[in-house]
Each structure stands twice: as C-alpha cells, then as structure tokens.
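Here the structure comes first, spelled out in structure tokens, and everything after it is commentary.
Keep in mind it's a predicted model, so treat the numbers as computed, not measured. Residue numbers start from 1 in every chain, and the chains themselves are labelled A, B, ... in the order their sequence lines are given, proteins ahead of strands. Side-chain atoms are counted along with the backbone in the values below, which use heavy atoms only and exclude waters and symmetry mates.
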2 protein chains.
Amino acid sequence: MRATIKDLAESLGVNVGTISRALNDKPGVGPELRKRIVRKAAELDYRPNGHARGLVTQRTETIGLLSGLDTHAFLSNPFYAGVFAGIEAETRERNHALMFASAAQKSPLSLGEVPKFVVENRVDGLLVVGPVEVNVIGALQDSRCPFVVVDYHPAAEDLDTVVTNNTRGARVLTDHLLQLGHRHIGFVGGAPLDRGSYHERLLGYREALENAGIAYRQELVHGAAPAGGCESAMKILEAEPRVTALVACNDVNALAAYGALRARGLSVPKDVSVVGFDDVPAALEVWPPLTTMRVDRVGMGRKAAQRLFQKLAEGNATSPHQIVFSAELVVRASTAAPRK
Amino acid sequence: MRATIKDLAESLGVNVGTISRALNDKPGVGPELRKRIVRKAAELDYRPNGHARGLVTQRTETIGLLSGLDTHAFLSNPFYAGVFAGIEAETRERNHALMFASAAQKSPLSLGEVPKFVVENRVDGLLVVGPVEVNVIGALQDSRCPFVVVDYHPAAEDLDTVVTNNTRGARVLTDHLLQLGHRHIGFVGGAPLDRGSYHERLLGYREALENAGIAYRQELVHGAAPAGGCESAMKILEAEPRVTALVACNDVNALAAYGALRARGLSVPKDVSVVGFDDVPAALEVWPPLTTMRVDRVGMGRKAAQRLFQKLAEGNATSPHQIVFSAELVVRASTAAPRK
DNA sequence: TTGTACGCGTTATCAA
DNA sequence: TTGATAACGCGTACAA
C-alpha cells in the first residue's frame, strides 16, 4: 500500500495540513521543516492520491480526447494520429493526464450522451476530434465541461474550433488540375460526406469547377464508406470513362484510388492524375508520389490543447475562437497534363 | 453544478445511504422506494462523482494504456493502432474508461518512473504496449499495479504477456523465399532491433538461413531508425548487389523498401522479392500487393485487456500467462522466383 | 426496510 | 509558523 499524507505526517510528528502546504509550495511552512518534509516524502515515495485531491480541488489535471469516429478508423487515419500526437505532447508537457473515448455512430454517446469520464467529473476539459453527431455537441454544451473541437466545425454553432481551410485547399488542388488542362475531374469522397472536412473539400472542388465554367456533375462524386476510395474510384470511372483526374478527399482514399486505376490498367499520371489531402507519410512512399495538401496535423492538435488550457485558466467564459490552419500545396509526380 | 447524492436525498426526503443502495442494485431498499429513487435520479440527471467513488471503493473503473514508443510513432504504426482499437473496444464494453500515456525513450518514464496516473491511483490496471525500457517494467512491478504487456516479452521476466510468434513467423517468411530459390536475402530492420518483436523476427530470419545452410551475414542486416526502411534497403543493396530478396521487420518498412528499389530502378518482384510482417491495410493497396504475415492485432489488444480484467477480478495473485498468437502467411505478388 | 455515522486522502479555513 | 478540523461525495457497516 502506498504511503498517504497521514503516514507522512505521523512519521514526522507534524500535522497533515503542514505536509500539504509544504509539498504544494504554499506559504506558511518554515524552511527547515519544509526541507525535512520534502526529504521524507521522497523517502517514503509519497504521491498524493488523485481522487482525494480531485474531490477537494474540483480539478483532475486530466483532459479527455473524444473521437467522432470509430476508434479503429480514427487511429488508422494518419491525419488523426497526428492530431492525437500533438494533443498528447501538449498535455504531457503541462503535466496533465489524457483519457480517450470514441463517440462513434452506433455508440450510445452518439445519441447525445456525454462520455462517462465527463459526467463523472474526471476530466477538466475535452478535445473533440473529427465529425461528431450534433447531439453530442449539444450534450457537451449542457454539461458545462469546457471543450474545443478539432477538424470539425458544425454549421451555425459558435464553438471553439481548430480546423483546416478545407474549402480553399480543395480549390487549390482542383485549380492545379484545371491549369494542367483537365476538364473531366472526379471526386473520391469519404465518410461522412454531408458535413465536416470532407464536405468542405467537396465544396472547394465544386467551387473551382464552377469558376472554370465546368458544370458540377453528381455522378462524378462518390464515396461514403470509410477508406472506400477504391470502390468510389471504380464507380466514377464507370460513370464517365473520359475522367482524366481525381480529387480525393484525403490521401488514404487517394492511395486506395491508385488500386482502382491499376485494376483498370490505367497509369498514374499518364492516364489519370490523382491528388489527395493531408500529406501523410505514405504519400511520399508510393509510386508515383502523391500531389497533396500538406497540413500541420500535430500543430493542430497542439494548438487545440493550448486553447483548451487557456479556457481552463480563464474560466470558460471567454468568447469562442475559431482557429484556421492553412494547408500548402505539394506538387509531386501523381499529376500531369491529360493525355493528348 | 451537477446534482450530488445529497441533493437527491434531500429532494426525496430520504437518506443518502438509501440512495446509494438503490442505485447500486444492493439489497435493502423497498421496491417502491427504489422506483422513486431511480426516477428522480434520471430526472435530476444524477451521476456519481468518480473521485468520491474511487476514493471509497479504491477502484476507478479506468485502465491505462502505456506505449513503449513515442506517441506519434506508436499511432502511425497500423499494428499498434489495431492493438489500441482492440483494447479500447474491450474496455468500453466493460464500462471502463481508458487513459493513455507514452514511456518513450527520452521521457522521464523511461528512467524507471511510473506514469502519473499509476502513482496517483487513477487506474485499476495497465496495458503496456510495445517495447519499453526494462526500468519501466521494474518500476511497474514495484508499484503493485496489475499490468499485462502486449507485443513485448522481456527476456528472463515472468510476466503476463500477449505476443505474436515472431520468430516462427519470420522463419516461415524466409523459408518461403528460400523455396522460391533465393539465396541472397537481406533483412530490413526497425527500432529497436536489439530486443522486442523486431529482434525476434531477425532471429527467425537467421534460423531459416542457417537451416538452409546459408551463412548469416551482418552486412545484409540494417535498420535502427523507426520507418527507416528506405535507407536500410539502400545500404543492403550497396553492400551486396546480388541480393534478390528482402525480409522486412514489418509492412511499413517493407513498403518503404519499395521506394529504395524503385530509386535504383529495380522492380518488385522481378528483380527483388519483398516480404513484410503484420498485414496492414496498405499491404493490399500498394503495387505489387505485399506478401506478409497476417496478425490479429485487434484480437491481441482485446485478449490483453481480457487478461487484465481477469487479473483485476482475481486479485493479481494468479500466475502469469503468456499468450501467443500465431501469424499466418499471406502470399501475394511481391514474391517470385529470382531472376534467371 | 431504512437511517446514522464513519472513513476514503486531500486541501482549505480557521485558531492557536 | 503550525495544528486542528471541516469539507469534498460517496459506499458501507451497523444500529434502529
């Protein structure tokens, strides 16, 4: 059994209150006694019990990370893995612990329930990563637990968010293809496509087309299942064989589309150019290396955590910030002028 | 402010003890009163405070996940992502929360410090995933916090572990190459290579070679940095241009080796066959699809969590179990007979 | 069946 | 500067 503050007090013949003050660097303890207490604490390997402390201070020094996606899908996506890593780094540096939970579709959380660790007051604040059901956002607001949303910005909600400029990014990518001379350009989607980042990227694709005077065609847009880029690309090529370029909602789906093209005997970029989004490590390892938008995913995670800590310090009363990260076009070998 | 058990008691005119019994399904409450209490609790949205409960029960209904690697490296590896997902699923189904921390090289944890959430009694048990410093294992044993190690088995320690049969797997892979007729086979390593899974895979590679009467050559083995498969493959090919096959310590490094081969104008599998380990999703998406060992990583995570819960139930006194998962050879298009 | 009261390990507010 | 003691919110023996 680990030593408690009481053991420490008894072994030194002083009061527990004094121990507490000494170890928490509060005034009101003689320098000599303080020395003795600190030494004895190290000797007994005393560590304050988190629950007891949390009970009285109402702070847990813990923050929660809530994924909008199913856990496996979340972690398999290098983008989210980077955000997670950034959050973890910032959290660790501030001496806070990190809890994880997922509010995926089918889970009770998606019905507007708040994660266990929130209702039980075991986290000081929450980082919501990725598209979550709107119910969840509502429940969170009711819970009065400070939170910041990363990579998602529900329309018409005034929240603290950290997002990428998705629409602009997709427009830049599509413009790149248009400038190369492409006219028949498909969009390989992801799930969900009706909201969140992929939706915004679809919007950017559409904007770029319309600016170029090219009609938006529903049948050139496909994708609902997570990591279903291969299937989506297949469907697009069936619907319109003249397609010479594909904009994918992210790198993972872009690389999956490579497979579909290979299966049809089409080569990248000679027959079809492909662009992705996120610049995941694999984008550089495949052949041909993928043209994509680079996003500072670790930085986004860090920034979101920083904002959350700021809210915690300021008492959750500050007006919401919307922080936008810009993505940067990285041209590689997966894009070229269309054939002939 | 969230309602406490006291609020609930007062609003019903009964005692807090009765409330506690009613809500925890303990005997000693009349069915009628119990009904009223349950209804009122729902009405006030009462949830017991985790700290207060943890303080008295000495259980937190939380388990910790400790990564042996740096967080980014950990999450970027689909193998570990799968283990994480399995752990999360099992944990969630048992109504426990999950905390995450990393005991990477440079962190104070690696010097034998135990994670904050362990010393503060905020987790009931711990899952250690991947190769950790031996100091950490020692500290954990001293802490008397029940734990299970996944994908790592320190030599000469009698621990609860869940691992893959790495040596056998690498032998199977190498035998596959030998049967195809390869004689000059390199090994693309990873970090760490002196212990843990990659070390065991190296052993299996070595065993297979020696069984086939082929001398083990130090210069055909390279790799220390994480995800340094490209660089390692380069060095091996420089050291011995006659190499016709590469065994990689995992799929991620195998795919990185593809890049090195492309850079030298070598084609897979015509010039050089490549095999990986883990069967990550990308192994199927690249060209050519990778011959590899399939590992049930989600199952390993689940199993480890199950074992941990079993230990918690049985009071940590049971003798350690070593659970070994077998990997399965998946032959795809990245392997063929050597040229000529 | 219900109520009382103690204790879990801290921090914080008083007195001394 | 130090000590005593009351919270914090809950579970649980024990008494009624």
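- Applying the ring-ring contact (aromatic ring centres under 6.0 Å, His included) test to pairs two or more places apart or on separate chains, those with a residue in residues 22-55 of chain B are H51(A)-H51(B).
- Comment: E88(B) engages R92(B) in a salt bridge, judged by a side-chain N to carboxylate O separation of less than 4.0 angstrom.
- As a whole-Å value, the separation of R59(A) CZ from dA12(C) P is 12 Å.
- Pairs passing the side chain to side chain donor-acceptor pair (under 3.5 Å) check and including a residue from residues 59-69 of chain B, sequence neighbours excluded, read K116(A)-E61(B), R122(A)-T62(B), T60(B)-D124(B).
- Residues that satisfy the salt bridge (charged side-chain N to carboxylate O under 4.0 Å, His left out) test with K40(B), not counting sequence neighbours, are E43(B).
- At the phosphate of dG9(D), neither OP1 nor OP2 sits under 4.0 Å from any side-chain N or O atom of T4(B).
- We find that CG of N121(B) is positioned 14 Å from P of dC8(C), with the value rounded to whole Å.
- Under the ring-ring contact (aromatic ring centres under 6.0 Å, His included) criterion, no residue pair touches residues 16-40 of chain A, with sequence neighbours excluded.
- Taking atom CD of residue E120(A) and atom P of nucleotide dC10(D), one finds them 10 Å apart after rounding to whole Å.
- Spacing between atom NZ of K6(A) and atom C1' of dT10(C) amounts to 11 Å, rounded to whole angstrom units.
- Using a 4.0 Å cut-off on heavy atoms, the residues of residues 19-39 of chain B that approach DNA chain D are S20(B), R21(B), N24(B), K26(B), listed by number.
- Scanning for side chain to side chain contact (heavy atoms under 4.5 Å, CB included) contacts around V14(A) gives L12(A), I19(A), L33(A), with sequence neighbours left out.
- By the salt bridge (charged side-chain N to carboxylate O under 4.0 Å, His left out) test, R94(A) is found to be paired with E90(A), residues two or more places apart in sequence or in another chain being considered.
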Begin with the C-alpha distance, continue with both residues' side-chain angles, and end with the deciding distance and a verdict on side-chain contact (heavy atoms from CB on, under 4.5 Å) for F147(A) and V118(A). CA-CA 11 Å; F147(A) 68 100; V118(A) 170; over 6 Å; no
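- Contacts of D7(A) classified as side chain to side chain contact (heavy atoms under 4.5 Å, CB included), with partners at least two apart in sequence or in another chain: A3(A), T4(A).
- Atom CD of Q58(B) and atom P of dT12(D) are 12 Å apart (whole Å).
- Taking the salt bridge (charged side-chain N to carboxylate O under 4.0 Å, His left out) definition, one finds that D151(A) meets it with nothing, sequence neighbours left out.
- By the salt bridge (charged side-chain N to carboxylate O under 4.0 Å, His left out) test, E93(B) is found to be paired with R302(B), residues two or more places apart in sequence or in another chain being considered.
- Each end of the helix from dT1(C)-dA16(D) to dA16(C)-dT1(D) gets its own axis, taken as the rotation carrying the C1' atoms of four end pairs onto the next four within a five-pair window, and the two axes meet at 50° to the nearest 10 degrees.
- Neither OP1 nor OP2 of dT2(D) sits under 4.0 Å from any side-chain N or O of N15(A).
- Atom-to-atom, CG of L8(A) to C1' of dT10(C) comes out at 13 Å; the value is rounded to the nearest Å.
- The stretch residues 46-57 of chain B touches DNA chain D through Y46(B), R47(B), P48(B), N49(B), A52(B), R53(B), V56(B), T57(B), each having a heavy atom within less than 4.0 Å of the strand.
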